**Q** 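Okay, here's the structure, questions in a sec.
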Amino acid sequence: MTHSHTHAAGRRTGTSSRHGGRSAAPVPPQSPARRGPGGRRLLGVLLLVGLLASVLPWWLGTPAGSLRSTAATVTAAGRISGLIAGYLLLVQVLMMSRLPVLERWIGGEHMARWHRDIGATLLVTVLAHMSLILVGYADLRNQSIFAEVGTLLGDYEDMVSAFVATGIMMLVGFSSVRAIRRALPYELWHLLHLSSYLILLLGFGHQFTHGAQLYKPGPVRTGWIALYLLVIAALLWGRVIAPLAFNLRYKLRVADVVAESTDTISIYLTGERLGRLAMLGGQHFRWRFLTRGCWWQSHPFSVSAAANGRWLRVTVKVVGTHTADLRDLDPGTRVWAEGPSGTFTAAHRLRERALLIAGGSGITPIRAMLEELPPGAALIYRARTPADVLLSRELDWLAQERETSVWYVIGSRDDPGPRQLMSPDGLRQLVPDVARRDVYLCGPPGLVEQSVRALRRAGVPRRQIHLATFEL
């Protein structure tokens, strides 16, 4: 059985609503200022300039006519791919540093896409470097490739660590394949991903011991060392110093845990100076609850209410042991948080009006964002059953306060009602000006992929489609 209904949005003022024993946050008087793509474009140009600069020493240091033999040409190609791989590795680790300025410039979704594409390119260039060097050196020494592997491992300093780094990189790349990542436990995937830092450490000695352009003292070697130090400084700032400063300043603690449904809870948090917290609806934190059984795990959860200066709230679906343990959090439990992160916010819209599409617990960042979007937004909320609809009273309240049209589309994706409503024609029927709106999507991967296809066929430009991104 499927059904959908709309809450008409006549604007009301002076109303109040209470949810979970706490008064809803006041509706902000205006939406946050938009943030354009200028920073992302500038950073993209800088990264391309850096890529060209990484290869320039080889170009300037290679005499004309020195690549006459096949072995010399193959070896040169191996050295070029090595320089590119070294640079891409530094860029990749920089992307993982969680440096706030990078996220503000690039945007969460674009950063995730860059991270994925750079990672794939890095793996290819590393394998190309290893293969070309083996073939070129083996040809120069007139021996087999297997014999050359033995020579490199036995006679060359830091070569074993380089081979180990390559193995780790292949493992990380393998675990990043979407189907494999979904099958792996989150903690195992996260641990494998963090091993990328080992690649930087293990590859450092190899680069500066055997790199034809890097082993000699001079401006090129100094420049590369400066790059390494810059990336390490970014890591320390983004992963250690900024989170430490945040937690010392705000001192978050659990205030209450409220059941929203049989398998969903809301965790209310209090702290100090929350009125100064620069947080936007739709952003997320990485939360670590410092209690037995939970302290060793850190998970990304979106805030489910906009900043109000009094408390924060995350709404969590219970899907595993860790989230089940969160039901039993005691008031006063200390919380370590990293963030806020993400550009899934009203500040990053391109158009004045928005359409939001949520599925299941994907409503949580969208519910917070509704408080900060301009009036006139539209929300489509997909759920399998009425019991799966979360925060419905708050959504109904926001529909009135923010002049928002809300459709609850109930049923499985194979039911004719939801299937028709989520088609290009169905979307245009519900929201006739959909192609002139920003669209925010958060929910299960299947719903997101299906909705993106339908939106593109309905004429929505790709740049106006925003996806919630939690990991890097």
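Numbers here are sequence positions counted from 1. Nothing here was measured: the structure is a model prediction, and the numbers come from that model.
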**Q** Counting only heavy atoms from other residues, nucleotides and ligands, does the tally under 6.0 Å from CZ of R419 exceed 12?
**A** yes
**Q** Output a table of donor-acceptor pairs, distance under 3.5 Å, between side-chain atoms of residues 440-451 and any protein atom two or more places apart or on a different chain; print 'none' if there are none.
**A**
from	atom 1	to	atom 2	distance (Å)
Y440	OH	T345	O	2.9
E449	OE2	R178	NH1	2.8
S451	OG	L447	O	2.8

**Q** Do V254 and F289 touch side chain to side chain, with heavy atoms closer than 4.5 Å?
**A** yes
**Q** Are L235 and V93 close enough that some pair of their side-chain heavy atoms sits under 4.5 Å apart?
**A** yes
**Q** Would you call the rings of F246 and Y250 parallel, tilted or perpendicular, taking 30° and 60° as the class edges?
**A** tilted
**Q** Do L326 and V257 have side chains that get closer than 4.5 Å, going by heavy atoms?
**A**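 Answer no - side chains too far apart.
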**Q** Run the side-chain hydrogen bond (donor to acceptor under 3.5 Å, both in side chains) check on T364 and S302 step by step: do they pass?
**A** CA-CA 7 Å; T364 55; S302 297; 4.7 Å; no
**Q** Donor-acceptor pair, distance only, cut-off 3.5 Å: does the side chain of T75 make one with the backbone of A72?
**A** no
**Q** Whether the side chain of T222 engages the backbone of P219 through a donor-acceptor N/O pair (distance < 3.5 Å, no angle test) should be reported.
**A** no
**Q** Got a donor-acceptor contact below 3.5 angstrom from the D388 side chain to the T385 backbone?
**A**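 Looks like yes, one N/O pair under 3.5 Å.
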**Q** Decide yes or no for R349 and P374: does some side-chain heavy atom of the first lie under 4.5 Å from some side-chain heavy atom of the second?
**A**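 In contact.
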**Q** With sequence neighbours left out, what residues match S144 under side chain to side chain contact (heavy atoms under 4.5 Å, CB included)?
**A** F146, A147
**Q** Using a 6.0 Å cut-off, check whether atom CG of N142 has over 12 heavy atoms from anything other than its own residue.
**A** no
**Q** Show your working on side-chain contact (heavy atoms from CB on, under 4.5 Å) between L51 and L47 and close with a plain yes or no.
**A** CA-CA 6 Å; L51 180 61; L47 292 178; over 6 Å; no
**Q** I'd like to check the side chain to side chain contact (heavy atoms under 4.5 Å, CB included) partners of S131; sequence neighbours left out, ordered by chain and number.
**A**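 Counting only residues at least two positions away or on another chain, S131 forms no side chain to side chain contact (heavy atoms under 4.5 Å, CB included).
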**Q** So, does H284 use its side chain to make a donor-acceptor pair with the main chain of P300 at under 3.5 Å?
**A**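 Looks like no, no N/O pair under 3.5 Å.
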**Q** Mind telling me whether W287 and F285 have parallel, tilted or perpendicular rings, with 30° and 60° as the class edges?
**A** tilted
**Q** Measuring only between side-chain heavy atoms, which start at C-beta, is V452 closer than 4.5 Å to V439?
**A** no
**Q** Assess whether side-chain contact (heavy atoms from CB on, under 4.5 Å) is satisfied between Y87 and T125, documenting all intermediate values.
**A** CA-CA 11 Å; Y87 175 76; T125 52; over 6 Å; no
**Q** For the pair Q283 (side chain) and G342 (backbone), establish whether a donor and an acceptor sit closer than 3.5 Å, ignoring hydrogens and angles.
**A**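 Side chain of Q283 to backbone of G342: a pair is present.
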**Q** Measuring from atom CD1 of I380 to atom CD1 of I366, what distance do you get when rounded to the nearest 0.5 angstrom?
**A** 10.5 Å
**Q** Sequence neighbours left out, what passes salt bridge (charged side-chain N to carboxylate O under 4.0 Å, His left out) with D139? Give chain and number order.
**A**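 If we apply the salt bridge (charged side-chain N to carboxylate O under 4.0 Å, His left out) test to D139, skipping adjacent residues, there are no hits.
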**Q** So D414 and S412, side-chain hydrogen bond (donor to acceptor under 3.5 Å, both in side chains) or not? Walk me through it.
**A** CA-CA 5 Å; D414 296 323; S412 75; 5.0 Å; no
**Q** Could you grab the distance from atom CD1 of I267 to atom CG of L269, nearest 0.5 Å is fine?
**A** 7.0 Å
**Q** Given 3.5 Å as the limit, does a donor-acceptor pair link the side chain of E372 with the main chain of A346, or not?
**A**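 Here the side-chain-to-backbone pair does not exist.
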**Q** If we ignore hydrogens and angles and just use 3.5 Å, is the side chain of T323 paired with the main-chain N or O of V318 as donor and acceptor?
**A**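 Here the side-chain-to-backbone pair does not exist.
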**Q** Looking at every non-hydrogen atom in both residues, tell me the closest pair between V74 and L132 and how far apart they are.
**A** CG1-O, 3.2 Å
**Q** Rounded to the nearest 0.5 Å, what separates atom CG in L123 from atom CG in L89?
**A** 12.0 Å
**Q** Do V460 and L355 come close enough that some side-chain heavy atom pair is under 4.5 Å?
**A** no
**Q** Just jot down the salt bridge (charged side-chain N to carboxylate O under 4.0 Å, His left out) partners of R437, sequence neighbours excluded, or say none.
**A** D433
**Q** For the CD1 atom of I465 and the CG atom of L455, what is their distance to the nearest 0.5 Å?
**A** 5.0 Å
**Q** Write down the atom of A165, the atom of I199, and the distance for their closest heavy-atom approach.
**A** O-CG1, 3.9 Å
**Q** If you compare all heavy atoms of M279 against all heavy atoms of A305, which two are closest, and at what distance to 0.1 Å?
**A** CE-O, 3.9 Å
**Q** Just wondering, are more than 12 heavy atoms of other shown residues or ligands nearer than 6.0 Å to CH2 in W58?
**A** yes
**Q** Do you know the tightest heavy-atom contact between Q464 and A435?
**A** NE2-O, 3.2 Å
**Q** Considering the options R353, E352, R351, which one meets the side chain to side chain contact (heavy atoms under 4.5 Å, CB included) requirement together with D438?
**A** R351
**Q** Is the side chain of E371 donor-acceptor paired with the backbone N or O of A306 at a distance under 3.5 Å, no angle test?
**A** yes
**Q** For V409, is there any backbone N or O sitting under 3.5 Å from a side-chain donor or acceptor partner on R382?
**A**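 Yes, the answer is positive, given that a donor and an acceptor are paired below the 3.5 Å cut-off.
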**Q** If every non-hydrogen atom of L391 is compared with every non-hydrogen atom of S304, which pair is closest and at what distance?
**A** CD1-CB, 4.5 Å
**Q** Using the rule given for side-chain contact (heavy atoms from CB on, under 4.5 Å), can you reason through R313 versus R367, listing the C-alpha separation, both sets of side-chain angles and the distance that settles it, and then say yes or no?
**A** CA-CA 11 Å; R313 185 182 70 181; R367 180 260 176 262; 3.2 Å; yes
**Q** Within the structure provided, determine whether L421 and P418 are in side-chain contact (heavy-atom separation under 4.5 Å).
**A** no
**Q** Taking ring pair (Phe, Tyr, Trp, His ring centres under 6.0 Å) as the test, write out the residues that go with Y381, two or more places apart.
**A**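 Scan of Y381 (ring pair (Phe, Tyr, Trp, His ring centres under 6.0 Å), adjacent residues dropped) gives none.
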**Q** How close do A383 and V389 get, heavy atom to heavy atom, and via which atoms?
**A** CB-CG2, 3.9 Å
**Q** Is any side-chain heavy atom of R334 closer than 4.5 Å to a side-chain heavy atom of K251?
**A**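 R334 does not reach K251 side chain to side chain.
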**Q** How many angstroms lie between CG in L329 and CD1 in I265, if you round to the nearest 0.5 Å?
**A** 6.5 Å
**Q** Out of curiosity, Q297 CD to R288 CZ, how far, rounded to the nearest 0.5 Å?
**A** 9.0 Å
**Q** Take I232 and W237 through the test side-chain contact (heavy atoms from CB on, under 4.5 Å) and record every step on the way to the result.
**A** CA-CA 9 Å; I232 292 170; W237 184 268; over 6 Å; no
